[in-house]
Amino acid sequence: MMRDSECTLCKLHQTTEVVCQWGFGPKNADVMVVSKMPNSGNYQSLIEDELVNAGLDMGRVYFTAATKCRTFDQDAKNPQIKACRPYLEEEIQRVKPRWILAFGNEALYALTGHSGITNYRGQVLAQQEYNVVATVAPGSVTRNPGQKSGWQADIQFFVSQVLGRPDSISIPKISAIRTRQQLKTLRKLLRNVHTISYDIETTGDTELSSDAAIVSLAGTCITNEGKEVVWALPLYHPESPFRNSWRKVLKYIGPDLVKIKKQIAHNGKYDAKWLRHFDVNMGVSFDTLLAAHLLDENRVKGLKPLARILLGVPGWAIKTKDLLNTPLRSVLRYNALDTYYTYHLYKIFRQQLIDQPRLLRLYKLMIMPANEDLIGTEMHGIWIDRERLDNAIKISFDMRDAIDEELMHHVPEAGTMGWPVTAKGRPVEVNFNASNFLRWWLFDYLGFPVLERGKDKENGDLGSPSVREAVMLELKQSQVDHPNYEVIKLLMERAKWQKYCSTYVTRYDALRDEDDRIHTTFKLFGTVTGRLSSGKEDAEKVTGGKTNLRGVNLQQVPRDPFIRGLFGAPPGFTFVEADFSQVELRVVAFLSRDKTMLGIYQRGEDIHAATASWVLGIPQSKVSKEDRKKAKAVNFGFVYGMGAKKFVSTAFEKYELVFTLGEATDIRRAFFDRFRGLYSWHNRQRRIVQQYGRVQSPIGRVRHLPDIYSSDQGVVAEAERQAINSPVQSFASDMNLISMILINREFVRLGIKGQCLGLVHDALNFEIHNDHLGLALPIIKDTMENLPLRKWFGVDMDMPIISDLKIGTHWGDAKELTVEEVYNFGTLI
DNA sequence: AGTCAGCGCGCG
DNA sequence: AAAGCGCGCGCTGACT
């Protein structure tokens, strides 16, 4: 196959200026660079500079493209990439490169068939006759400068692979513990070390499943004489000499293991939970993942990419999903290298933290103590009322099925004209979820108007008609006279029950342990602002798998008492929710120094009620709960940079309120007239992020915003809004985290039987023994309202902070306590 | 049977 | 010219 300037294999030839442009470079090159399309001068020199900097000789590089047509303004979609592949294959056959560097998703797809550049970048993807390393496209780096450092690291990695450079850290000698004698020696060693970096390999998804076992345990130890020793201990692996006695072996070395002063791990909460489950009370005094995140919240945090980028070591991955069928030798080597590289990352991150004392303080005072507390929270779990759950499951399914039955009356016979078919040509099943069937039925068959569409398809077709809630709401208001009007109302009601069935009640049931508790994972590295995220352990994220999934998101339990009322405290205990009142807006007032806002809080008023009374023109005493909720959307939206247009849509979608664009513009203007200080604060944040490329919360948590240097105005504006929001969201959630730590400490000190069950951004949930409520409630409230911010961080919070407490047998029906009740609980009952 | 992207919606 | 911020996850349909 030769270059064909008349090529019509795909539609791109219709719109391109150059059809089928061949690559260039020496015909015997052993390195090939493949990008999205024949590169423009700018990108070409950007790439060449990077490669030369990394030490690659351009004389051995051939440059070409995934699709051979020049298509500046449009992306080539997968069908077009496929159509163009023969040309690329022909080129590869001729040049015969050993190494190929792929830029962007299109090149990745053309070379490997994978898509999803963020998942595949920066690693060797071995193909038949050559190796591929992929990274993001140069265009995406200029658009999002935040990607630049990762992009450079990928290119450096590629070049070091091509050149076969010696690794900067040599692979250590690993002692495999295979005999009783060696086990004894290991125990002796453990008694003589002050630092260990440790890691385990496990059988399954969760330590709570009945067949859970630890396959191997490894460590990198530093002896009191300063010697590094790397060892790996086989446990449950089939080839392990300790296969049948692995728990005894663990028990044998456990006491010496836990006594080691410095315990380092990467995402150690995971390992610590497993070890504690098997009675080895291991801790984490330095977590390299958490350090990496605190130092740069945007970076990749996996051990492998960190080791690649910072230590320059080659990959050492094995298939961790199938450890029991992997030779023991490989498992032990893998396990040991994890600990060895973790130890070296520790040395780097420790130094970086020492160089940034504010971050070091956050790390020592907040991050690591919180990590320890969360181990307890996750292992303890949250109690779910089984009787209520059984009932809720029944009702949810009954309601949904009853609605389905109603809806079926409006469904014609299968195979009616136009009824959608599967790829194989069979008629699809009736499906009232957002499916092809529903779209056909609603818009074609029943004839409701299409109000909104999703993104256009890859082949250029129009996007599918949207059936999202806002669209249904619009139909509900505008189609009253439609003969099938009731279908709309039924579908909206159905969506709620369907979500309950699929996402909540059945999940809760599947995840409940034998003590009716649900365990989730709280990530301290899940968000760029420092909030926690909640859900599954990364290791347990298996797509398609329906069984044995641990972790539900405890931060998105619907407020509907029907669902929230399922969670609670077991008999003898009380559920307590402690909520920071309007904390983000208090922080906004604190940071912006806006006089009106400061006044509202200093007078002890409620800002949402104040806004509601102001917008509606009624006295604050007449503001209803609903009005206040609406005002909340106004406050948060405008404070964080929402425009009038977005305000119109959220007001309708969330509250069914109709504003014209003009009215919204007026409200927005009036809002900033009222809170003038917000203007200058917004501008200040913009200046700071423009100048430094980052912003900080009052206690020093950093948000890096390299996108501020983008050439795209939209991207810049986004970074500016993030610069406004981040310090607020970050500070508010850190206040919550610090509260948890201090409350736990106080509980321990006073022997209070109380357990923190989790954090929901600006709220803490507890389960407290009934006998200790009188003592615990004031501790919770006092701690949250009087955080040692001045002592710990030199921050003077001249702003009243209020914590509202609710108690009940269940989360969903917890009742708010008055201040009086909080402080006199013991005597009031 | 597993993987992936897009959509949509739960929470703060 | 216009632009709220921060998350996790279930379902569908296309693909391998």
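Keep in mind that this is a model prediction, so the values were computed, not measured. Every chain is numbered from 1 and lettered A, B, ... according to where its sequence line falls, protein lines coming before strand lines.
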State whether [X] places a side-chain N or O below 4.0 Å from either non-bridging phosphate oxygen (OP1 or OP2) of [N].
X        : N      : result
A:Arg564 : B:dC11 : no
A:Ser466 : B:dG8  : yes
A:Asn433 : C:dT12 : yes
A:Asn431 : C:dT12 : yes
A:Lys536 : C:dG10 : yes
A:Arg439 : C:dT12 : no
A:Arg721 : C:dG4  : no
A:Arg468 : B:dC7  : no

Nearest heavy atom decides the nucleotide; on that basis, is A:Lys646 or A:Ala434 closer to the 5' end of DNA chain C?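 The 5'-side residue here is A:Lys646.
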Do A:Glu584 and A:Tyr640 get their side chains close enough for a donor-acceptor pair, meaning under 3.5 Å?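 A donor-acceptor contact under 3.5 Å links the two side chains.
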Consider only side-chain N and O atoms of A:Gln555 and A:Ser534, and report whether a donor and an acceptor are under 3.5 Å apart.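 No, because no side-chain N or O of A:Gln555 sits under 3.5 Å from a partner of the opposite role on A:Ser534.
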Here DNA chain C, pairs taken as Watson-Crick or G-U under 3.5 Å and shown with ( ), [ ] when crossing and | when to another strand, reads ....||||||||||||
Proximal nucleotide (of C:dC11, C:dG4, B:dC9) relative to the A:Glu469 side chain: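 The answer is B:dC9, which lies nearest to the side chain.
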Shortest side-chain distance from A:Thr503, nucleotide among B:dC11, C:dG10, C:dG6: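 From the listed options, C:dG10 comes nearest.
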Check A:Gln685, A:Gln690, A:Arg686 against A:Ile688 for a side-chain contact (heavy atoms from CB on, under 4.5 Å) and give me the one that passes.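 In the set A:Gln685, A:Gln690, A:Arg686, the residue that makes a side-chain contact (heavy atoms from CB on, under 4.5 Å) with A:Ile688 is A:Gln685.
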